[in-house]
Amino acid sequence: MGRRRRGRSVSGILLLDKPAGESSNKSLQRAKRLFDAAKAGHTGSLDPLATGVLPVCFGEATKFSSHLLEADKSYDATFALGLSTDSGDCEGAVVCQRDASALTAERIEEALESFRGPIQQLPPMYSAIKKDGQPLYKLARKGIEVPREPRCITIREFRIKGFRGGEVAQLEVSVTCSKGTYIRSLAMDLGERLDVGGHVTMLRRTKAGPFCVSDAVELTFIEDMLGAQGVDQLDSLLLPIDHAMGHLPLVPVPESSGFYLRQGQPVLVRNAPLSGMVRVASETGEFLGLAEVLDDGRIAPRRLVVS
């Protein structure tokens, strides 16, 4: 007899404003306990140093988390130019100090141009990328550095928001980038391009896919709401599952077609797109899942919600 899963069968997307000082997984587990959810997963880690929007998927929403993992992200960050640390952020040990007092905003703007668009980025040693099954950050803490392959990423925006000069200059930036981008690597690489070194002192994710940090809630708010109103009222904080896929066309289908889709069978739907992935909903508005338009015009189920 299988073990009974503990927790409520709750589904939806929680926009969490992750606090500084704890891992994304710890924040996820705290949210899962507060909601008493049977199943949960997050959609892209933030460093313990970082704060900001962390979409948490509960229940059936976890099936569609890859759409948020693949999505662009936006950040506000502060770089300290003139100091290099082993981790690329302010939690690491200083390994080099160079005078940055000659830097100007104009010189930095010229350097930023080479970081915009598609670029190759070398992941930092202090990352969760695995080498022979072991995260690189564990090797880095032992003083071990291993070769890493550069990755192709895209920097869609890299903009100066503020600059204060000095021996250790403070640069405030806004970045919008593709998945897999390390802001710590941007700080280190920019610092080396300017011949002074650099690291991140503040990092806040302001957007993940379609979700903005202005719509996110803090764990302390959830704790207060739980104490005042009870666990069932927390569900009002959840967004519908298909909000993570709002960029895909929505195709409503009759109840009879929905039945066959749930059996894994393609169906013919009038006025469907000619190709690509689509969201499918019943005529009553219930989200059924994702389907793909076939060459013959039918739509075939690819990932469905279990009611």
Kindly indicate whether the side chain of [X], heavy atoms from C-beta on, has any atom under 4.5 Å from the side chain of [Y].
{"X": "Val280", "Y": "Ile299", "value": "yes"}
{"X": "Thr206", "Y": "Val53", "value": "no"}
{"X": "Leu268", "Y": "Arg298", "value": "yes"}
{"X": "Leu68", "Y": "Pro210", "value": "yes"}
{"X": "Ile108", "Y": "Leu81", "value": "yes"}
{"X": "Gln121", "Y": "Ile155", "value": "no"}
{"X": "Ile13", "Y": "Phe211", "value": "yes"}
{"X": "Ser11", "Y": "Ile241", "value": "yes"}

Does [X] belong to the same Ile/Leu/Val/Met/Phe/Trp/Tyr cluster as [Y], with side-chain heavy atoms less than 4.5 Å apart forming each link?
{"X": "Phe79", "Y": "Met188", "answer": "no"}
{"X": "Met202", "Y": "Tyr182", "answer": "no"}
{"X": "Ile183", "Y": "Ile160", "answer": "yes"}
{"X": "Val196", "Y": "Val168", "answer": "no"}
{"X": "Leu203", "Y": "Val175", "answer": "yes"}

Ignoring hydrogens and geometry, is there a side-chain-to-backbone donor-acceptor pair from [X] to [Y] under 3.5 Å?
{"X": "Ser66", "Y": "Leu69", "answer": "no"}
{"X": "Arg279", "Y": "Leu248", "answer": "yes"}
{"X": "Arg204", "Y": "Tyr75", "answer": "no"}
{"X": "Lys73", "Y": "Ala71", "answer": "yes"}
{"X": "Thr51", "Y": "Lys18", "answer": "no"}
{"X": "Ser185", "Y": "Leu122", "answer": "yes"}
{"X": "His199", "Y": "Leu83", "answer": "yes"}

Closer than 4.0 angstrom, basic N to acidic O: yes or no for [X] and [Y]?
{"X": "Asp47", "Y": "Arg184", "result": "yes"}
{"X": "Lys63", "Y": "Glu60", "result": "yes"}
{"X": "Lys161", "Y": "Asp76", "result": "yes"}
{"X": "Glu109", "Y": "Arg116", "result": "yes"}
{"X": "Arg303", "Y": "Glu292", "result": "no"}
{"X": "Glu22", "Y": "Arg30", "result": "yes"}
{"X": "Lys207", "Y": "Glu157", "result": "no"}

*Applying salt bridge (Lys or Arg N to Asp or Glu O under 4.0 Å), run through Glu286 and Arg262 and close with a yes or a no.*
CA-CA 13 Å; Glu286 179 189 4; Arg262 285 191 169 112; 3.3 Å; yes

*Where Thr43 and Cys57 come nearest, the two heavy atoms and their spacing*: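 Closest pair (atom of Thr43, atom of Cys57, distance): CG2-SG, 3.7 Å.
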
_So which atom in Gly258 and which in Val253 form the shortest heavy-atom distance, rounded to 0.1 Å?_
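Where Gly258 meets Val253 most closely, the heavy atoms are N-CG2, 4.0 Å.
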
For atom [atom1] of [X], is the number of surrounding heavy atoms from other residues, nucleotides or ligands below 6.0 Å larger than 12?
{"X": "Arg8", "atom1": "CZ", "result": "yes"}
{"X": "Glu149", "atom1": "CD", "result": "no"}
{"X": "Asp295", "atom1": "CG", "result": "no"}
{"X": "Arg164", "atom1": "CZ", "result": "no"}
{"X": "Glu167", "atom1": "CD", "result": "no"}

*Starting from the C-alpha separation in whole Å, work towards a yes-or-no answer on side chain to side chain contact (heavy atoms under 4.5 Å, CB included) for Leu14 and Ile222.*
CA-CA 11 Å; Leu14 172 70; Ile222 301 172; 3.9 Å; yes

Rounded to the nearest 0.5 Å, what's the gap from [atom1] on [X] to [atom2] on [Y]? Could you check?
{"X": "Ile119", "Y": "Ile153", "atom1": "CD1", "atom2": "CD1", "answer": "4.0 Å"}
{"X": "Ser257", "Y": "Leu288", "atom1": "OG", "atom2": "CG", "answer": "10.0 Å"}
{"X": "Leu186", "Y": "Cys177", "atom1": "CG", "atom2": "SG", "answer": "7.0 Å"}
{"X": "Leu46", "Y": "Leu54", "atom1": "CG", "atom2": "CG", "answer": "5.5 Å"}
{"X": "Glu283", "Y": "Glu255", "atom1": "CD", "atom2": "CD", "answer": "6.5 Å"}

*asked:* Evaluate Ser74 against Thr176 for side-chain hydrogen bond (donor to acceptor under 3.5 Å, both in side chains), listing each step before the verdict.
replied: CA-CA 4 Å; Ser74 295; Thr176 297; 2.8 Å; yes

*asked:* Test side chain to side chain contact (heavy atoms under 4.5 Å, CB included) on Phe35 and Leu238; report intermediate values, then the result.
replied: CA-CA 10 Å; Phe35 275 78; Leu238 300 181; 3.8 Å; yes

*Glu192 and Arg98: salt bridge (Lys or Arg N to Asp or Glu O under 4.0 Å), yes or no, with the steps?*
CA-CA 11 Å; Glu192 292 307 316; Arg98 286 170 276 182; 2.7 Å; yes

*May I ask you to check whether Asn25 and Ser23 show a side-chain donor-acceptor distance below 3.5 Å?*
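There is no such pair between these side chains.
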
*asked:* Using side chain to side chain contact (heavy atoms under 4.5 Å, CB included), reason through Thr78 and Val200 one step at a time and then give a plain yes or no.
replied: CA-CA 6 Å; Thr78 301; Val200 171; over 6 Å; no

*Report the C-alpha separation of Phe287 and Phe64 in whole Å, then their side-chain angles, then the decisive distance to 0.1 Å, and conclude whether the ring pair (Phe, Tyr, Trp, His ring centres under 6.0 Å) test is met.*
CA-CA 12 Å; Phe287 176 61; Phe64 307 94; 5.7 Å; yes

*Taking the six-membered ring for Trp, are Phe115 and Phe158 parallel (under 30°), tilted (30 to 60°) or perpendicular (over 60°)?*
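If you compare the ring of Phe115 with that of Phe158, the planes turn out perpendicular.
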
*Walk me through it: do His67 and His247 pass the test side chain to side chain contact (heavy atoms under 4.5 Å, CB included)?*
CA-CA 10 Å; His67 289 269; His247 60 288; 4.3 Å; yes

*Show your working on salt bridge (Lys or Arg N to Asp or Glu O under 4.0 Å) between Asp17 and Arg205 and close with a plain yes or no.*
CA-CA 9 Å; Asp17 188 345; Arg205 186 155 68 191; over 6 Å; no

